[in-house]
Amino acid sequence: DPEEKLKSLGEACKPERAWYTTTANPQNKVNIDLHRMRYRKEASFKAKSEQSGGGGHAEEDGKNRAHHPQEEAGKAGEEAKQKEAESQGPRQAEKHKEEERKRFEELYGRMDWGKTHRHLDDIKASKFFMDWTAQKLIYAVQVGLVDEAYDRFGKKEGSWERYTLMFRNGYNNPGDARKPVTSEFQEYCEEVYCPIMWALLFGEGWPALRPHWSAFKSCTIKVCDSGTTFLGKNVFHMHIDGKIGLLQRRNHAQKHMSRLLFSIVTDALNDQENKSLKRHCTTVYPIWQPPFAFKSNHHFHEYMQTYYRECGLENSGLPRPHYEMPENLIYRAQTGEVLLHHTHGDKQRGPQAIHSEPNPCPDRHLFVFDWNNLLRKDPNNRNKYLPSTEVPEEAIIAHMRPLENASAPAFLARLRVVLKTARDLLPKAAEYPGGREAVAAVVKTLEEAAASALSSSSPSVMSSSPSVFPGGEKKGSC
């Protein structure tokens with residue numbers, strides 16, 4: 001009974017045994033097996049053999065019946081079960097898949113979600129929508145400072161056509177090793193691009209917020225792309241951000257994270273009336289979220305497998321469980337929608353937000369900021385911690401609010417802050433290939449935006465420079 005299962009999951013709070021670490025290399029057969037054993041009660045031999053065979057993807061359900069890794073006794077037993085599964089053929093797999101779909105359809109037909117779950121609106125993951133003008137401005141700054149520079153001097157051996165840029169606070173290993181960029185480009189982004197983007201998003205509030213900042217990611221890479229079996233289907237890599245757990249309010253040494261994210265969808269910028277179309281949407285959420293927080297990823301996936309059909313580990317990155325979800329049970333966030341998640345929850349704070357990357361994934365710029373609570377040691381007792389300084393979530397959103405209304409005085413004030421930051425960085429930008437020209441173009445764009453905001457109650461940012469928008473002469477997000 002799903003309701004009884006939900007109750008037992010909510011009551012599960014005892015420490016569990018140590019689970020295997022997350023798969024670090026999709027081509028590592030041993031880690032693939034460990035990951036499957038960690039998350040799946042049933043797993044496909046096809047998934048394992050294809051993924052470990054060198055770049056293959058797991059087909060949905062693997063076209064083979066599942067097995068139970070926890071019940072296997074040694075290598076001989078595993079090989080015997082594999083031969084048995086392979087002999088059953090695709091017909092048996094299709095039959096099993098349809099039986100599972102029918103079972104979940106019957107479950108949804110009798111479910112009263114409101115009695116057992118919390119509505120997505122209740123957990124307040126969505127904070128506000130950026131003004132259309134602000135979205136276009138962010139797009140123009142990103143294209144001018146990053147996209148063109150990445151093609152100019154950012155790529156090296158192993159670089160992707162699209163990029164994921166990572167900037168960490170206090171780390172000695174900048175960047176994302178799996179999507180490498182040149183050291184010169186990484187330095188340019190840290191010295192020139194980041195300060196301008198921080199000024200645009202947070203204005204004069206950035207210095208106060210910076211101590212809580214852990215990482216900033218700027219990304220155009222798609223998780224669901226053309227090589228994915230699930231592309232365009234209602235199959236999603238549902239997950240919770242970060243290292244999750246139950247919030248322990250009396251444990252002052254506990255670290256937890258809040259994640260802010262939003263996307264600017266390229267094609268949606270010229271299609272405002274149809275911004276909610278599936279092809280323009282971004283982060284995906286189950287409309288009905290659990291009534292409790294999760295203590296671990298294993299706890300989370302046990303819940304997901306109770307309510308949604310788990311159908312494969314395929315992903316362009318790491319192998320992770322995917323779930324089939326009806327359209328009427330999901331919400332697709334829109335371009336410019338500012339979202340905020342947290343890694344730890346309890347009854348007071350609520351559950352962590354279950355979500356997924358979009359499928360299909362549009363051409364978009366994804367921006368992600370991670371914020372940590374600050375631990376404080378007792379100066380009189382090195383073994384004791386004082387209550388931590390919590391992530392100032394309300395202040396973070398408040399500093400972004402000027403982007404909500406481009407007709408308000410706060411938006412013009414923000415433009416002036418960004419203008420000063422960009423102008424001050426012109427000498428530094430000159431140290432990099434095309435850097436000064438790129439920042440000078442951004443300054444011109446900001447000046448036009450400020451003049452428009454000053455002279456009109458409905459400013460039209462960059463109306464005189466359409467080439468920086470989709471469809472113009474300059475390159476888009478990819």
Side-chain angles (χ1 to χ4, degrees), residues 127-128 130-131 134-147 149-150 163-171 174-176 181 185-220 257-264 336 338-340 365-372 374 391-404 406 410-429 431-432 435 438-443 445-447 449-450 461:
K127 297 304 179 182
F128 70 92
M130 291 183 180
D131 189 284
Q135 291 188 53
K136 289 187 174 185
L137 183 59
I138 293 172
Y139 175 87
V141 171
Q142 187 74 16
V143 170
L145 293 183
V146 178
D147 293 22
Y150 180 63
Y163 60 76
T164 293
L165 307 178
M166 185 68 73
F167 311 100
R168 298 180 176 90
N169 187 6
Y171 286 79
D176 187 330
V181 299
F185 179 73
Q186 180 76 21
E187 181 183 283
Y188 158 79
C189 287
E190 292 178 359
E191 297 293 333
V192 178
Y193 159 67
C194 284
I196 294 175
M197 185 57 68
W198 293 335
L200 179 56
L201 296 178
F202 307 107
E204 295 177 333
W206 175 249
L209 301 178
R210 184 177 180 122
H212 291 273
W213 164 60
S214 170
F216 166 42
K217 180 171 74 172
S218 175
C219 175
T220 59
M257 181 189 80
S258 298
R259 173 167 289 180
L260 180 143
L261 65 155
F262 66 91
S263 295
I264 305 297
V338 178
L339 309 163
L340 189 65
H365 292 91
L366 169 66
F367 302 87
V368 180
F369 284 84
D370 290 344
W371 313 88
N372 288 340
L374 303 180
V391 177
E393 294 181 355
E394 293 184 1
I396 291 169
I397 299 302
H399 286 300
M400 294 189 71
R401 287 284 184 186
L403 304 177
E404 186 178 17
F411 181 70
L412 177 59
R414 176 60 52 85
L415 292 179
R416 289 169 174 163
V417 172
V418 188
L419 261 172
K420 183 182 185 306
T421 302
R423 287 170 179 155
D424 291 345
L425 285 168
L426 281 169
K428 184 66 179 178
E431 300 176 11
Y432 305 95
V439 174
V442 167
V443 167
T445 296
L446 292 166
E447 289 173 342
V461 175

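Positions are given from 1 along the sequence. Since this is a predicted model, take the numbers as computed values, not measurements.
Taking both residues in full, the closest heavy atoms of Val338 and Phe262 are given as CA-CB, 4.2 Å, listed atom of the first, atom of the second, then distance. The two atoms that bring Ala429 and Val439 nearest to each other are CB-CG2, 3.5 Å, heavy atoms only. Pairing each heavy atom of Ala422 with each of Val443, the nearest pair is CB-CG2, 3.7 Å. Taking every heavy atom of both residues into account, Leu209 and Pro392 meet most closely at CD2-CG, 4.0 Å. Summarising the geometry of Met166 relative to Gln186, their closest heavy-atom pair is O-NE2, 3.1 Å, with the distance given to 0.1 Å. Scanning both residues, Arg210 and Asn169, for their nearest heavy atoms gives O-ND2, 3.4 Å.
Interatomic distance, OH of Tyr150 versus CG of Leu165, reported as 7.5 Å (0.5 Å rounding). With values rounded to the nearest 0.5 angstrom, Leu200 atom CG is found 7.5 Å from Leu446 atom CG. To the nearest 0.5 Å, atoms CD (Glu204) and CZ (Arg416) are separated by 12.0 Å. Taken from CG in Leu425 to NZ in Lys420, the straight-line distance is 9.5 Å, to the nearest 0.5 Å. To the nearest 0.5 Å, the span separating CE on Met257 from NE2 on His212 amounts to 14.5 Å. For the atom pair CG of Leu339 and OG of Ser263, the computed distance is 8.0 Å after rounding to the nearest 0.5 Å.
Using a 4.5 Å heavy-atom cutoff, the side chains of Val442 and Val418 are not in contact. Between Ile396 and Phe369 the shortest side-chain heavy-atom distance does not fall below 4.5 Å. A 4.5 Å side-chain heavy-atom check between Met197 and Leu145 finds every atom pair outside the cut-off. Val146 is not listed as a side-chain neighbour of His365, based on a closest heavy-atom distance of 4.5 Å or more. Put simply, the side chain of Phe411 does not reach to within 4.5 Å of the side chain of Asp131, judged on heavy atoms.
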Kindly determine whether Ile397 and Glu393 satisfy side chain to side chain contact (heavy atoms under 4.5 Å, CB included), including the steps that lead there.
CA-CA 6 Å; Ile397 299 302; Glu393 294 181 355; 5.7 Å; no
Take Phe185 and Tyr163 through the test ring pair (Phe, Tyr, Trp, His ring centres under 6.0 Å) and record every step on the way to the result.
CA-CA 12 Å; Phe185 179 73; Tyr163 60 76; 7.4 Å; no
Take Phe367 and Leu261, measure what side chain to side chain contact (heavy atoms under 4.5 Å, CB included) needs, and give me the verdict at the end.
CA-CA 6 Å; Phe367 302 87; Leu261 65 155; over 6 Å; no
So Thr164 and Leu366, side chain to side chain contact (heavy atoms under 4.5 Å, CB included) or not? Walk me through it.
CA-CA 9 Å; Thr164 293; Leu366 169 66; over 6 Å; no
Determine, step by step, whether Ile138 and Met130 satisfy the side chain to side chain contact (heavy atoms under 4.5 Å, CB included) criterion, reporting the C-alpha distance in whole Å, the side-chain angles of both residues, the deciding distance to 0.1 Å, and the verdict.
CA-CA 10 Å; Ile138 293 172; Met130 291 183 180; 3.6 Å; yes
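In this structure, Tyr188 has its ring center at least 6.0 angstrom away from the ring center of Tyr193.
Between Trp371 and Trp206, the ring planes lie perpendicular to each other; the angle is over 60°, past the 30° to 60° tilted range.
Within 6.0 Å of the CD atom in Glu447, the count of heavy atoms belonging to other residues, nucleotides or ligands exceeds 12.
Judged by distance alone, the side chain of Arg414 and the main-chain N or O of His399 form a donor-acceptor pair under 3.5 Å.
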